[in-house]
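Worksheet: the structure to be examined is printed underneath.
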Amino acid sequence: MKKFLLGTNWKMNKTLAQGLAYSEALMAIIGKYAQFEFFIIPPYTHLWKMKEALAAQKSPLKLGAQNMHEQDFGQFTGEISPLMLAEIGVDIIELGHSERRQYFNETDEAVNKKALAALKHGFTPLICIGEQQADKDYGVSPEMLAKQLKIALTDVPATAIGQFWIAYEPVWAIGVGGTPAATPYVEEIHNFLRQVLIDRYGPSGQAVPLLFGGSVNINNASDYARLDNVDGLFIGRSAWEPDLFEAIMAAVGAVVK
Ligand code: PEP
């Protein structure tokens, strides 16, 4: 049975020591929740050591990188290539997070190139899309999201279904200043995204995991998790402490069996 996805991106937070302590604590907790597939996405500098720690315990916890260059090597100072991440044994590559788009000018076209490279190297691209507050105010969220999704998936074949994940993260809901999205809104948008995937891939578009993220917390997680087209939750701040993350697992575990 397909497991419900639960994971967290640490952004530029936690030292390696803090990250290792966190992953030790998390590994001890997740065995209680067989219905979930867990992932963590730490900063690049932590990946080798964290992979070693997970492997030492044969943990099912998946490890992701927060970004990746699409080329295998080259004159791209400051970038990290697929070969480097493959050598570590990273599972997931997060692409197109709104902070990458906002502060590092990442475009839909760049996300598409990176997604294709990630698939070629056997990673799970976790492609993030999300509309701005202004898009929502003008009533054009579906158009904006369809554009992001369609460009990100250009040339991604139906044979890759199951290998890539999509995270819908409304920009206005993300981070400290974010406003949690109303559940009916999340339902409407996830149903819409599902239809875009079905239009693109036929009935097998049903099998693309659609995660929701943006101010997910203990109070709203189970409401989102109940929705038909929500296949996982992608959590920031509220999962950065293992005990807070565990409280969310327990709440979601009550509705996802
Ligand atoms: C995010 O930035 O992807 C995110 C989900 O953050 P938060 O949960 O802190 O809003």
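Order of appearance sets the numbers: ligands from 1, and atoms from 1 within every ligand.
- Of the residues F192, Y224, W172, the one that meets the ring pair (Phe, Tyr, Trp, His ring centres under 6.0 Å) test with Y185 is W172.
- A cation-pi geometry, defined here as NZ or CZ lying under 6.0 Å from the six-membered ring centre and within 45° of its normal, holds between K14 and W10.
- Put simply, the side chain of S59 never gets that close to the backbone of A55: no donor and acceptor are under 3.5 Å apart.
- Looking at K3, K62, K2 one by one, the single match for salt bridge (charged side-chain N to carboxylate O under 4.0 Å, His left out) with E37 turns out to be K62.
- In this structure, the side chain of R101 engages the main chain of G96 through a donor-acceptor pair within 3.5 Å.
- Checking side-chain atoms of S215 against main-chain N and O of A173 turns up a donor-acceptor pair under 3.5 Å.
- Near ligand 1, heavy-atom contacts under 4.0 Å come from K11, H97, E169, A173, I174, G175, G214, S215, F234, I235, G236, R237.
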